[in-house]
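Throughout, a chain's letter reflects where its sequence line sits, starting with A, and its residues are numbered from 1.
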Amino acid sequence: MDDEALLERARRGDRDAFGELVVRHQDGLYTMSLRLLGKPEDAADVVQETFLRAYVNLPKLRGGTVRGWLYRVASNAALDVHRRTTRKPTSPLEDADGKIVELPDPALGPEAGAEAHERSLVLRDALLALPLDYRQCVVLRDVNDLSYEEIAQALRIPLGTVKSRLSRARLQLAHALRGSTVIFGTGEVQG
Amino acid sequence: MADRHADRLFSEAYDGALDGRRRARFDEHLAECERCAAAFADYAAALDVVRTAAPARMPVPVHLPPGAPQPQRARFAWPAISWSPARIATAATGFAAAAALVIALSVTVAHRGSSSGTPDAANFRPGSGAAALAPFVQGFTNRTTVAVPGHPGQTLLLATDKATYAPGETVHVIARLLPATTLGQQSSASGSRAVDNALASSIPVVRLITVPSAPTGLHAPASPGPAGAPAAPVFGAGSTLADASPLPGVTAADGSPVLVVTVPLTLHPGDHVALVVVLEPPPYAAYGGVNAPGAQSDTTSPYAATLTLTVG
């Protein structure tokens with residue numbers, strides 16, 4: 001069943017249909033939030049908040065995709081978390097017994113080699129160095145592979161703005177990564 | 001394009017989004033300009049790194065509120081269990097009080113009061129009686145919050161507009177599940193959370209219960225925090241009166257319903273009533289998460305938050 005059909009069923013009260021949307025999209029939304037905000041705890045908060053908001057406010061889509069809508073809810077939630085956490089540090093997640101849950105970036109987990117670990121850190125730092133509105137565009141495009149139209153839907157900006165922000169963001173990001181010997185080694189950087 | 005470089009086209013070229021003519025000009029330029037050819041190659045290589053970085057997996061389960069998912073701008077519709085007048089009328093005790101309650105309720109709702117255009121009205125979703133209630137909704141300062149065990153990040157909020165009511169007076173109630181650690185203005189584990197960004201979700205039952213006159217006869221309001229045991233619900237200790245009903249056409253600023261229940265006429269100044277919100281199992285299904293593929297049902301036992309109101 002495609003996303004649109006699941007959404008329609010969820011609008012009619014089908015909890016399992018909504019659950020299927022959760023299963024399909026939670027990882028993508030988590031990855032977006034992680035690349036956007038940098039911290040696993042914040043990213044998990046964003047995903048939880050996204051689905052809680054979506055659950056009680058399911059739209060009738062008029063143009064646009066389910067993915068565009070979900071990433072819109074998530075982008076708003078991520079902005080809220082970003083505003084909050086720039087004022088205070090994140091409070092850690094707790095499990096059912098009250099123990100602090102450590103949430104390492106899975107890409108940095110033990111199965112990743114030391115090299116992958118370093119590259120992941122360089123990528124993270126390069127992304128976090130971008131202004132937030134640029135970062136949103138490049139994450140949605142190059143991490144989540146949303147189309148230009150979906151990005152416009154998710155961020156509520158015109159298509160032209162998507163293209164220009166994306167262009168500037170990518171130039172800045174590519175420049176930062178090009179300069180990294182971790183990513184490209186010593187022999188490949190030009191000019 | 002001989003006098004300038006092609007950087008501003010790199011993004012669309014990378015995506016294959018340049019139309020025929022622009023693509024031809026771009027390719028021509030790269031054929032002539034070593035600097036751009038090399039720069040574009042580096043640019044593409046860098047973005048390839050980003051695009052091929054391993055995706056992350058949501059590491060903890062997503063919790064959904066109880067009840068069915070709601071479409072946008074739905075007329076407020078509660079689960080079938082609690083709100084019919086028949087259920088109020090057949091409450092185990094206090095039938096006469098219940099009848100008085102229904103009458104008192106209609107009297108209260110019909111009385112619009114003065115519409116003073118308070119500043120709070122701007123935060124208030126319009127509906128009948130909205131102006132009369134605006135002062136109440138914004139200032140729900142009498143509140144308690146309880147962490148829901150087993151569901152990190154879920155908090156049960158119970159709030160009323162005042163702490164002391166006269167017999168026959170209407171109690172305005174907001175009862176909600178709040179989401180995680182996240183988006184409130186405060187995040188103290190023991191204090192109340194701001195509701196600005198919180199969600200509405202259906203709460204099964206809110207009851208008004210008479211209790212022994214001394215507040216020490218009650219269990220203390222639950223102390224939130226995952227390590228603390230929840231307060232035992234009070235409703236076993238008193239007599240259950242009517243369930244709260246949603247006020248038609250009126251919602252709080254974030255869309256959650258405002259519930260009303262009326263203090264029985266039979267009570268006297270100095271009496272206490274307990275307002276109790278009960279979550280009944282199974283309230284949650286946890287979906288997905290790296291360690292918990294698929295849906296799981298919780299079998300959490302009933303969980304309650306209690307506010308003590310004084311009759312004055």
Side-chain angles (χ1 to χ4, degrees), chain A residues 10-11 13-16 18-19 22-23 26-31 34 40 43-45 47-49 51-53 55-60 77 80-81 84 91 93-98 101 103 105-107 112 119-120 123 142-143 148 163 166-167 170-171 173-174 177-178 183-184 189-191, chain B residues 7-12 14-15 17 35 38-39 41-47 49-51 53-60 62-65 67-73 149-153 177 179-183 185 187 197 199-201 225-227 255 285 287-290 293-295:
Chain A
R11 276 172 53 80
D14 186 339
R15 188 176 165 84
D16 289 334
F18 188 91
V22 172
V23 170
Q26 61 176 340
D27 290 341
L29 292 169
Y30 178 75
T31 307
L34 185 62
D45 275 357
V47 175
Q48 175 67 77
E49 182 61 18
F51 287 116
L52 287 176
R53 291 181 182 186
Y55 196 77
V56 293
N57 203 21
L58 297 164
K60 191 151 187 61
D80 292 339
V81 173
R84 175 183 62 91
S91 37
L93 289 178
E94 289 170 342
D95 66 15
D97 304 314
V101 176
L103 297 180
D105 182 348
R119 284 156 67 107
S120 193
L123 174 58
D142 291 316
V143 172
Y148 292 173
K163 291 180 185 176
L166 190 58
S167 180
R170 278 167 151 183
L171 283 169
L173 181 62
L177 294 178
R178 272 173 56 196
I183 303 276
F184 284 109
V189 177
Q190 306 279 349
Chain B
D7 300 61
R8 64 186 178 82
L9 295 179
F10 281 7
S11 182
E12 287 181 88
Y14 180 79
D15 287 332
R35 180 257 170 214
D42 285 344
Y43 177 93
L47 292 187
V49 168
V50 179
R51 294 184 76 87
R57 304 220 34 213
M58 177 64 172
V60 290
V62 172
H63 294 286
L64 301 182
Q70 302 290 328
Q72 208 168 53
R73 289 191 305 271
H151 297 279
L177 284 173
T181 49
T182 56
L183 310 175
Q185 308 267 333
S187 60
N197 290 312
L199 302 171
S201 55
Y287 287 92
V290 169

Taken to the nearest 0.5 Å, the spacing of B:Q72 CD from A:L58 CG works out to 8.0 Å

When rounded to the nearest 0.5 Å, the distance separating CD of B:E12 from OG of A:S167 is 7.5 Å

Honestly, the part of B:F10 sitting under 4.5 Å from a heavy atom of chain A is side chain

Here the gap from B:D15 atom CG to A:D142 atom CG, rounded to the nearest 0.5 Å, amounts to 7.0 Å

Result for side-chain contact (heavy atoms from CB on, under 4.5 Å) between B:P55 and one of A:L34, A:T31, A:V143 points to A:T31

Cut-off 4.5 Å, heavy atoms of chain A, and the answer for B:A45 is both

The reported gap from NE2 in B:H63 to CG in A:L52 (rounded to nearest 0.5 angstrom) is 9.5 Å

Under 4.5 Å to a heavy atom of chain B? For A:L173 that would be side chain

Closest non-hydrogen atoms of A:Y55 and B:G67, given as atom of the first, atom of the second and distance, are OH-O, 2.6 Å

Counting only N and O atoms by type, is there a donor-acceptor contact under 3.5 Å from the side chain of A:R170 to the main-chain atoms of B:S11? yes

For B:M58 and A:D27, the nearest pair of non-hydrogen atoms, with its separation, is N-OD1, 2.9 Å

In short, B:V50 meets A:L123 closest at the heavy-atom pair CG2-CD1, 3.7 Å

Most contact-rich option vs chain B, by heavy-atom pairs under 4.5 angstrom, among A:L166, A:L177, A:L171, is A:L171

**Prompt:** Any side-chain heavy atom of A:R15 sitting closer than 4.5 Å to one from B:P69?
**Reply:** yes

